[in-house]
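Here the structure comes first, spelled out in structure tokens, and everything after it is commentary.
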There are 2 protein chains.
Amino acid sequence: MSEPVKRNNPFAKVRADHAAETAEDYVEAVSDMVHRTGECRVRDLAKIMGVSHVTVTRIVTRLQEQGLIETEPYRPVRLTSSGEKLAANSRQRHEIVLQFLLALGVPQDDAERDTEGIEHHVGQATLDRMAAFIRERSGD
Amino acid sequence: MSEPVKRNNPFAKVRADHAAETAEDYVEAVSDMVHRTGECRVRDLAKIMGVSHVTVTRIVTRLQEQGLIETEPYRPVRLTSSGEKLAANSRQRHEIVLQFLLALGVPQDDAERDTEGIEHHVGQATLDRMAAFIRERSGD
DNA sequence: TATCATTTGTAGCGAGTGCTACAATTCTGC
DNA sequence: GCAGAATTGTAGCACTCGCTACAAATGATA
Ligand SMILES: [Mn+2]
Ligand SMILES: [Mn+2]
Ligand SMILES: [Mn+2]
Ligand SMILES: [Mn+2]
């Protein structure tokens with residue numbers, strides 16, 4: 001059902017996670033920016049990611065080839081429906097991880113920083129346990 | 001006191017985490033292999049990491065330049081004292097994250113896979129909370 | 001509209017990590 | 001000791017993601 005990847009080896013799974021990471025973070029950023037300010041430009045992404053606009057441009061080009069993003073030269077960046085879907089899933093997972101760390105007692109700043117990396121390595125089973133933990137702590 | 005890195009940006013922190021990741025996983029693997037079988041060879045690391053021996057050789061060369069590993073051509077790989085120290089810290093953190101996920105109720109296989117990625121993104125504050133959670137659940 | 005600042009694109013560099021193919025070395029078994 | 005297996009090294013390729021420097025397009029303002 002899933003990908004026929006080498007998931008048996010934990011390190012191979014980490015590499016697969018990292019391969020998907022850029023797309024997830026970028027579409028999530030585009031989605032947020034569009035919802036907050038109406039549009040998302042290359043320079044916005046550069047600021048958010050903390051990299052040069054050159055790096056963003058190249059990555060945006062690839063995400064467009066992958067069908068996640070639409071763009072014309074010197075124009076804002078939009079998400080395709082496929083990109084919107086990925087963004088929604090990514091944001092949902094991001095939010096669960098963040099709320100979980102906060103529920104665990106991690107200070108806000110640390111939780112936000114750690115979440116940005118952890119989110120990409122959390123499988124469904126772990127995500128389910130995190131969601132359950134959040135429910136337990138809030139319905140207390 | 002810490003590194004003067006751009007830790008304000010979560011994405012920059014993730015990039016810094018990833019930059020340190022290879023060294024941590026490799027010295028941890030070398031340490032484990034040496035303790036279990038007496039020595040660690042390039043082919044052992046290739047098997048563990050799930051990559052070709054070529055990739056391992058190049059990485060081992062760099063870790064040697066960084067003073068974490070010692071090696072002569074066609075010889076086993078050993079850790080320097082600096083490498084041992086990093087391995088000890090990495091293993092300790094790895095173990096805390098793993099035990100934490102298990103205490104949370106994540107199945108063994110999922111916990112082991114997810115830990116390999118998550119460990120590198122867990123800051124001190126989060127690690128402290130995880131350790132506390134383990135103690136609570138075991139002293140119950 | 002002409003000018004200037006901002007934004008985006010392009011060229012070209014380096015580091016890191018993956019691979020296959022082939023060469024060199026070491027180890028094993030006869 | 002010697003042949004063949006196993007291991008390690010090297011050459012060379014691809015892809016990703018950082019960067020600076022410079023060019024082109026866009027937008028704002030006088
Ligand atoms: Mn992220
Ligand atoms: Mn790891
Ligand atoms: Mn590890
Ligand atoms: Mn990671």
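Throughout, protein chains are lettered first and strands after them, A, B, ... in sequence-line order, and every chain is numbered starting at 1.
Following rounding to the nearest Å, R43(A) (CZ) and dT26(D) (P) show an atom-to-atom distance of 18 Å. If you take CG of L45(A) and C1' of dG18(D), they are 16 Å apart, rounded to a whole angstrom. Rounding to whole angstrom units, CD of residue E21(B) and P of dT17(C) are separated by 10 Å. If you measure from atom CE of M49(B) to atom C1' of dC19(C), you get 18 Å, rounded to the nearest angstrom. Taking atom CD of E72(B) as the reference point, atom P of dG9(D) lies 11 Å away to the nearest angstrom. Between the P atom of dT8(D) and the OH atom of Y74(B) lies a distance of 10 Å, rounded to the nearest Å.
When hydrophobic residues (I, L, V, M, F, W, Y) are linked wherever their side-chain heavy atoms come within less than 4.5 Å, the members clustered with V27(A) are Y26(A), V30(A), M33(A), V34(A), V42(A), L45(A), I48(A), M49(A), V51(A), V56(A), I59(A), V60(A), L63(A), L68(A), I69(A), V77(A), L79(A), L86(A), F11(B).
Residues V51(B) and P76(A) both approach DNA chain C. Their nearest nucleotides, taken by heavy-atom distance, put P76(A) toward the 5′ side. Nearest-nucleotide mapping onto DNA chain D: of T55(A) and R75(A), the residue sitting toward the 5' end is T55(A). Comparing R15(B) and P73(A), the nucleotide of DNA chain D nearest to each residue sits closer to the 5' end for R15(B).
For the pair Q64(B) (side chain) and T71(B) (backbone), a donor-acceptor distance under 3.5 Å is present.
Both thresholds, 5.5 Å between centres and 30° between ring planes, are met by H53(A) relative to the base of dT8(C), so the two rings are stacked.
Criterion: ILVMFWY side-chain heavy atoms under 4.5 Å apart, direct or through other members. Under it, I118(A) and L102(B) are not part of a common hydrophobic cluster. Hydrophobic cluster membership is shared by I96(B) and L101(B), with clusters built from Ile, Leu, Val, Met, Phe, Trp and Tyr side chains linked at under 4.5 angstrom.
If you check residues 56-70 of chain B against DNA chain C, the residues with a heavy atom closer than 4.0 Å are R58(B), I59(B), R62(B), listed by number. Within residues 22-29 of chain A, no residue has any heavy atom under 4.0 Å from DNA chain C.
Side-chain atoms of S52(A) lie closest to dC19(D) of the nucleotides dT8(C), dT20(C), dC19(D). Picking from dT8(D), dT20(C), dA21(D) the nucleotide with the shortest atom distance to the side chain of V54(B) gives dT20(C).
Shown here are the side-chain hydrogen bond (donor to acceptor under 3.5 Å, both in side chains) partners of Q92(A), two or more places apart in sequence or in another chain: there are none. By the ring-ring contact (aromatic ring centres under 6.0 Å, His included) test, F133(A) is found to be paired with F100(A), F133(B), residues two or more places apart in sequence or in another chain being considered. Partners of H120(A) by ring-ring contact (aromatic ring centres under 6.0 Å, His included), not counting sequence neighbours: none found.
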Salt bridge (Lys or Arg N to Asp or Glu O under 4.0 Å) evaluation trace for D110(A) with R113(A): CA-CA 5 Å; D110(A) 298 277; R113(A) 276 192 293 270; 3.7 Å; yes
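Ring geometry, H18(A) versus H18(B): the interplanar angle falls from 30° to 60°, so the pair is classed tilted.
At the phosphate of dT7(C), neither OP1 nor OP2 sits under 4.0 Å from any side-chain N or O atom of R41(A).
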